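Working notes, beginning with the structure itself.
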Amino acid sequence: MGLLYKSTRSSRTATASEAILKGLSEDGGLFVPERIPALDKTPRELGQMSYGEVAYEVMKLFLTDFTEEELKSCIEGAYDEKFDTEVIAPLVEAEGVWFLELFHGKTIAFKDMALSILPYLMITAAKKNHVDREIVILTATSGDTGKAAMAGFADVPGTKIIVFYPKNGVSPIQERQMVTQKGDNVLVVGIHGNFDDAQTGVKKLFSDRRLEEELARAGYQFSSANSINIGRLVPQIVYYVYAYARLLAEGRIGDGERINVVVPTGNFGNILAAYYAKLMGLPIGKLICASNENRVLFDFFSTGEYDKNREFILTSSPSMDILISSNLERLIYRISGDDPERTAQLMRQLAEDGSYEITEEMRERLSDFYGGYAEEQETFDKIRSLYEDTGYVIDTHTAVAAAVYDRYQEETGDRTPAVIASTASPFKFARSVMTAIDPGYGEVTWDDFALVDELSRIANVKVPAAVEELRTAPVLHTAECEKGEMEAMVRDFLGLRKK
């Protein structure tokens, strides 16, 4: 019997390929597997496999309407020479913890791990479901998803991709990566607002049934490359399974020994993937959810109340500058006892009032998680101290996780082996990283590429090709809009007249 997917807000179901194509359920809910499958290979067996082979062993359990040939073809197309290291996701030990480097793809951020395969999954899903309409990928980004999605979907036949990002809410390198993206099927728009504004606008477009009918008549259908798409979430489970298997194979941990996982968290997809890996049987202890000064998730785990009614803070870790963590809905659904009515009610409260509170019974089901946050100075201090002690350089997002993990150890005394998800290359945030290492760099008038070169020198690490090619890349996208004009931008790009 194949694994079906349910909406978090109703009794609607879909196959894996249908869920990937839709991105979001018609009722606004997120697709979740009707059950979490158990790993059918031991970590010891997985430790003898390549990254691609582990990916197949995990993904075959979730994407059950894909044939073996289809799934292996998608994996082979995704995890190839576009990554600058053969192992895809290396583990680096520093200060007694393992940093899982997830930034060796084309856009030097962890989003590549899932967005390299999503186009292959989506095109295969379209063929399986006899879709003859052009797929329009509609995405909001806090900096990384947009570029990774564009890199995956640029010039893919049968698709278009539209990316909205907060105009003044991403790093200069992140913005340059997006606005220089080639592809006749690509539109990039900077909105005058923050990431939550962009994400809310995209969700509104997805739920507009009138617009959906217009798109269908014009030969289009929306889908999503955000982590709300189950085709993004499932590939993220893989790297936690792979990391555990590698640690076991290298004798770093023993058979069945638990590890803690630390994740810098914005939209909650990455840490949810680790949670799903644990539910599959991977020996994971605590899931340590690290927030920056936009500490909405920390407050949620501390109090049981989710409240986005607060000041939005721009930080040096912009991919975590989020007040509405969309994937948390999948966790809410699980801790409610898979209750779509309860989940839908809480999501309505969030939309209408900006907050909701879970029951004490639901809070008790959050015991796998620990919430922590790091302020800006703590983030910078961690980058500097790790560099001074070991010579290893991490980016601002990874530093939030590392700082939170330090505090977790101080508070609990837990010395379980830990893996920190290192979600972006330090070269992507060179100005912040260099300022953290030496505040004097914050005063220099150098451009970002001069700082990239200086970071390369002091870290003794070659500048990634993804950054090198930006030096001379022409700006191809200059569109901007107000947050209320997103539909008009989509219509113009697709040639749809306003009704």
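From a predicted model like this one, the values you see are computed outputs, not experimental measurements.
When side chains are defined from C-beta on, S25 counts as touching F31, because their heavy atoms get closer than 4.5 Å. Inter-residue side-chain proximity for P235 and M59 is flagged as met; some heavy-atom pair is nearer than 4.5 Å. Residues M280 and F62 form a side-chain contact, since some pair of their non-hydrogen atoms from C-beta on lies under 4.5 Å apart. The shortest side-chain heavy-atom distance between I284 and Y244 does not fall under the 4.5 Å cut-off. Within the 4.5 Å cutoff, the side chain of R133 has no heavy atoms near those of the Y220 side chain. With contacts defined as side-chain heavy-atom distances shorter than 4.5 Å, the pair F449/I173 qualifies. By the 4.5 Å heavy-atom criterion applied to side chains, Y51 and V238 are counted as neighbours. L455 places a side-chain heavy atom less than 4.5 Å from the side chain of F427.
A salt bridge links K278 to D368: one of the charged nitrogens lies within less than 4.0 Å of a carboxylate oxygen. With respect to K182 and D155, no salt bridge is recorded, no charged nitrogen being found less than 4.0 Å from a carboxylate O. Taking 4.0 Å as the cut-off between side-chain N and carboxylate O, E53 and K41 do not count as a salt-bridged pair. In this structure, K22 does not pair ionically with E18, as no charged nitrogen and carboxylate oxygen lie closer than 4.0 Å. In this structure, D144 pairs ionically with K428, as a charged nitrogen and a carboxylate oxygen lie closer than 4.0 Å. Salt-bridge annotation for E329 and R9: present, with a side-chain N of the basic residue lying under 4.0 Å from a carboxylate O of the acidic one. Ion pairing between K286 and D414 fails under the 4.0 Å rule for side-chain N and carboxylate O.
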R252 and E93: salt bridge (Lys or Arg N to Asp or Glu O under 4.0 Å), yes or no, with the steps? CA-CA 10 Å; R252 310 283 188 169; E93 186 176 5; 3.2 Å; yes
For side chain to side chain donor-acceptor pair (under 3.5 Å), just list the numbers for N229 and R232, CA-CA rounded to whole Å, side-chain angles, deciding distance to a tenth of an Å, and then say yes or no. CA-CA 5 Å; N229 192 314; R232 273 279 306 277; over 6 Å; no
Kindly determine whether L233 and R330 satisfy side chain to side chain contact (heavy atoms under 4.5 Å, CB included), including the steps that lead there. CA-CA 11 Å; L233 187 61; R330 287 185 164 112; 3.9 Å; yes
Take V419 and Y239, measure what side chain to side chain contact (heavy atoms under 4.5 Å, CB included) needs, and give me the verdict at the end. CA-CA 11 Å; V419 169; Y239 45 73; over 6 Å; no
Side chain to side chain contact (heavy atoms under 4.5 Å, CB included) between C289 and F268: does it pass, once the steps are laid out? CA-CA 9 Å; C289 178; F268 208 75; 4.2 Å; yes
Checking side chain to side chain contact (heavy atoms under 4.5 Å, CB included) for the pair I137/L118: CA distance, chi angles, key distance, verdict? CA-CA 11 Å; I137 305 298; L118 183 60; over 6 Å; no
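Taking CD1 from I36 and OH from Y275, the interatomic distance works out to 8.5 Å, rounded to the nearest 0.5 Å. Between M320 atom CE and F195 atom CZ the span is 13.0 Å, to the nearest 0.5 Å. Atom CD1 of I437 is separated from atom CG of L386 by 9.5 Å, given to the nearest 0.5 angstrom. Expressed to the nearest 0.5 Å, how far CD1 of I228 lies from CD of Q199 amounts to 7.0 Å. From K128, atom NZ reaches atom OG1 of T15 across 8.5 Å, with rounding to the nearest 0.5 Å. Once rounded to the nearest 0.5 Å, the distance linking OG of S171 with CD of Q177 reads 7.5 Å.
Of all heavy-atom pairs between V263 and A401, the closest is C-CB, 4.4 Å. Closest heavy-atom contact between I230 and A19: CG2-CB, 3.8 Å. The two residues Y333 and S7 make their nearest non-hydrogen contact at CE1-O, 4.1 Å. In terms of heavy atoms, T141 sits closest to G146 at OG1-N, 2.9 Å. Listed here is the closest heavy atom pair of P33 and L3: CB-CD2, 3.9 Å. Here the closest non-hydrogen pair linking L470 and R176 is O-NE, 2.9 Å.
Using the six-membered ring where Trp is involved, F301 and F369 have ring planes that are parallel, under 30° apart on the 30 and 60° scheme. Taking the six-membered ring where tryptophan is involved, the planes of F83 and Y79 are tilted, since the angle between them lies from 30° to 60°.
Dense packing is recorded around CZ of R471, with more than 12 heavy atoms of other residues, nucleotides or ligands lying under 6.0 Å away. Enclosure of atom CD in E69 is not indicated, since only 12 or fewer non-hydrogen atoms of other residues, nucleotides or ligands lie within 6.0 angstrom. For CD of E411, the number of neighbouring non-hydrogen atoms (other residues, nucleotides, ligands) closer than 6.0 Å is greater than 12. The environment of CG in D389 is crowded: more than 12 heavy-atom neighbours from other residues, nucleotides or ligands sit within 6.0 Å. By the neighbour-count criterion of 12 heavy atoms within 6.0 Å, atom CG of D255 is densely surrounded, having more than that number from other residues, nucleotides or ligands.
No hydrogens or angles considered: a donor-acceptor pair under 3.5 Å links the side chains of K147 and Q181. Between the side chains of T398 and S422, at least one donor N or O sits under 3.5 Å from an acceptor N or O. Between the side chains of E134 and N185, no donor-acceptor pair is found at a separation under 3.5 Å.
No donor-acceptor distance shorter than 3.5 angstrom exists from the side chain of T379 to the backbone of V400, with no hydrogens or angles considered. Between the side chain of R44 and the backbone N or O of A249 there is no donor-acceptor pair closer than 3.5 Å. Of the possible donor and acceptor atoms, none in the side chain of N129 sits under 3.5 Å from a partner among the backbone N and O of V131. Remark: side-chain polar atoms of S456 are not paired, donor with acceptor, to backbone N or O of V452 under 3.5 angstrom. A donor-acceptor pair under 3.5 Å links the side-chain atoms of H397 to the main chain of S319, judged by distance alone. Formation of a donor-acceptor pair under 3.5 Å by the K82 side chain with backbone atoms of A78 is found in this model.
For the side-chain hydrogen bond (donor to acceptor under 3.5 Å, both in side chains) condition, the pairs that include at least one residue of residues 104-115, sequence neighbours left out, are D84-H104, E101-H104, T107-D112, K111-T145.
For the pair R407 and Y373, the distance from NZ or CZ to the six-membered ring centre is under 6.0 Å and the angle to the ring normal is within 45 degrees.
Here the two rings, on Y392 and F99, have centers that are under 6.0 Å apart.
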